[in-house]
Amino acid sequence: MKNYLHNYRKLTYLLIFLIPFLMGSSNQVENNNNRFSLFNYTVFTPGSDVTINLYSASKSNNYFRFRLFKIDDPAIYFSKIDRNSIRNNFDMWGRNRDFLLKYTKLVKEWNAQINSSNNYWSSKNLEVGKINNPGTYILQALKDDQVAYCGIVISNMAMVYKNSGKQLLAFVANSQTGQIVKDVKFSLYNEGKLLHEKETDTEGLALFNIDDSTKAENKNLLLLGKTSKETVLSDPYFYFRDEDKNYTAYIYTNQPVYRPGQEVYFKAILREKNGNNFENVPGKQFTIKIKSPKNKDVYSAELKTNESGSLSGNFNLDNDADLGRYNIQVTKNEMTYFGSFDVEEYKKPEYFVKVDADRNQYAGNDTITAIVSADYYFGSPVTNAKVNIKVYRQQYWRPWWYWSDYSWFYKSFNNNRFGFGSKELITEQIGVLDKSGKFKYELKAPASQDADYTYTISAEVTDNSRS
């Protein structure tokens, strides 16, 4: 079996179509028979399949267009958002009427038909798909002239903090293991204004002193913790929450993958926002359902949270259990929170291949140097494996407004943000990975060219057990 990775060295630009956004939240339109809303308060782990709640008032088939955006810089985005304008759904306008989608990048878009039930208001589970990279995402749903949004948080981390009114103590921990993350840089905002920045001490803690001028607006404090891999929010769904009380859920299992016949242990940690406090929810009853890839119920129970605001359970998979992704659904008050795990038979170790170039841009006559590396997912390098290198070239150009201060505006009206010519294979080479699982590849760029080009280096690796 072969493993592939294409390393594309090119820029991707976000196309913002402004017209439907000007309509505002979908809950504000006058056509009550066509209303819809998106809701989600689950913190998903990287690599898991994301599912959210879609509520619709239409009794007919619904045709939607969905767009998934990732927030580029959470500090800028959340410091500009206007919490006071939020009613039932948050919108994408900042406190200065700044359109906030320009601080995101488009990850993917797709169309879907959502069939409604006979009820006036129907709730459906919307499958967004697998999201591998941690971060905060925005899902946009478009139907006719209406639009709705919801946030999606992908992270293995959670921020724990205590605010006494005069001081604020915070740390970031792994939500599954509880281990404190060291070397975190915290930023404290109030009403969009940066108040303090502080790095953690040797124990991973950060202590802020809150002065009198800040305490008056204490309820609007925003705390961000930047680690080496991601930015963690004090309450990841505070700016996406509606007026009703909802929970934030962390749902996980004791291992990500099981075999048929094994015992599955799951746990859910529930938290509720009360003012500026993130509180436990002891003694609350939730409905737990676990569904197979074929949508069959394999586990169902009514469980109560303990004094720490968490619940847990376990069950045995059948010996002939379906293979694939299983969904954990935790439901209360018609709101569902999601987790997942996989069931697979034994497979030979998989490995990850990547290609890293020494620079992002080259001029004529430069030497393009790329390192191909392959590592098994359990950590060891793939040694003495065959690697097939293919290099493709295609013409590239940028529009005249690319360097303008108003490029974000032109992008919203211009489909031809940049251009590519046809892709051509220019060279191919066979090599062998060394003892560290690496292969060095070099290519001399032509001394002169009639246009700008992007080069795509493709590496195909075959280890000794799969030849």
Side-chain angles (χ1 to χ4, degrees), residues 37-45 48 50-55 86-90 119 121-126 150-163 170-178 219 223 232-254 263-291 297-315 326-341:
S37 300
L38 301 173
F39 292 98
N40 168 57
Y41 302 113
T42 303
V43 178
F44 297 93
T45 57
S48 62
V50 174
T51 305
I52 68 167
N53 299 277
L54 170 65
Y55 289 90
I86 299 174
R87 294 297 180 261
N88 291 327
N89 280 333
F90 82 103
N119 298 326
W121 274 97
S122 63
S123 174
K124 294 291 182 179
N125 294 336
L126 175 63
C150 78
I152 299 174
V153 177
I154 309 294
S155 180
N156 280 320
M157 302 179 186
M159 185 184 299
V160 180
Y161 67 98
K162 181 66 176 179
N163 183 5
F171 64 89
V172 172
N174 186 297
S175 59
Q176 299 186 31
T177 66
K219 60 182 180 180
L223 186 60
V232 185
L233 279 72
S234 51
D235 180 357
Y237 284 108
F238 176 73
Y239 289 94
F240 306 135
R241 197 182 304 275
D242 62 13
E243 291 183 332
D244 296 329
K245 282 191 175 182
N246 289 295
Y247 304 97
T248 296
Y250 301 84
I251 304 172
Y252 56 94
T253 53
N254 65 315
E263 190 170 12
V264 177
Y265 293 87
F266 65 88
K267 185 174 184 178
I269 302 174
L270 288 306
R271 294 293 183 264
E272 185 177 65
K273 189 72 175 179
N274 183 11
N276 200 47
N277 295 320
F278 210 31
E279 298 181 344
N280 293 340
V281 285
K284 299 289 185 180
Q285 183 166 297
F286 290 82
T287 300
I288 314 298
K289 287 187 177 182
I290 299 179
K291 293 182 176 291
D297 287 346
V298 297
Y299 177 89
S300 180
E302 299 287 332
L303 300 179
K304 280 188 176 181
T305 54
N306 58 21
E307 61 182 8
S308 299
S310 65
L311 54 86
S312 61
N314 60 285
F315 73 100
Y326 283 66
N327 287 316
I328 305 173
Q329 300 180 4
V330 180
T331 303
K332 187 175 182 61
N333 298 331
E334 298 184 353
M335 182 64 67
T336 302
Y337 311 87
F338 300 93
S340 64
F341 61 89

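We number each residue from 1, following the sequence as shown.
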Inset, instruction - Please name all residues satisfying side chain to side chain donor-acceptor pair (under 3.5 Å) with Ser300, sequence neighbours left out, ordered by chain then number. - result: none
Inset, instruction - Could I get the full list of side chain to side chain donor-acceptor pair (under 3.5 Å) partners for Asn327, not counting sequence neighbours? - result: none
Legend entry - Flag for Thr287-Glu302: side-chain donor and acceptor within less than 3.5 Å: yes
Inset, instruction - Only counting residues at least two apart or in another chain, list the ones meeting salt bridge (Lys or Arg N to Asp or Glu O under 4.0 Å) with Lys291. - result: Asp297
Legend entry - For Thr51, all residues meeting side chain to side chain donor-acceptor pair (under 3.5 Å), sequence neighbours excluded: Glu127
Legend entry - Listed partners of Tyr299 passing side-chain contact (heavy atoms from CB on, under 4.5 Å), at least two apart: Phe266, Ile288, Ile290, Ala301, Leu303, Phe315
Inset, instruction - With sequence neighbours left out, write down each residue that passes side-chain contact (heavy atoms from CB on, under 4.5 Å) with Glu307, or none if nothing qualifies. - result: none
Inset, instruction - Examine the side chains of Ser48 and Ser340 and answer whether a donor and an acceptor come within less than 3.5 Å of each other. - result: no
Legend entry - Non-neighbouring partners of Ser312 that pass side chain to side chain donor-acceptor pair (under 3.5 Å), sequence neighbours left out: none
Inset, instruction - Please name all residues satisfying side-chain contact (heavy atoms from CB on, under 4.5 Å) with Ala158, sequence neighbours left out, ordered by chain then number. - result: Ser175, Tyr250
Legend entry - side-chain contact (heavy atoms from CB on, under 4.5 Å) partners for Ala170, two or more places apart: Tyr161, Leu168, Phe186, Leu223
Legend entry - Any donor-acceptor pair under 3.5 Å from Asn280 side chain to Pro282 backbone: no
Inset, instruction - Determine yes or no for a side-chain-to-main-chain donor-acceptor pair under 3.5 angstrom, with Thr253 supplying the side chain and Tyr265 the backbone. - result: no
Inset, instruction - Can you measure from NZ (Lys267) to CD1 (Ile328) and round to the nearest 0.5 angstrom? - result: 13.5 Å
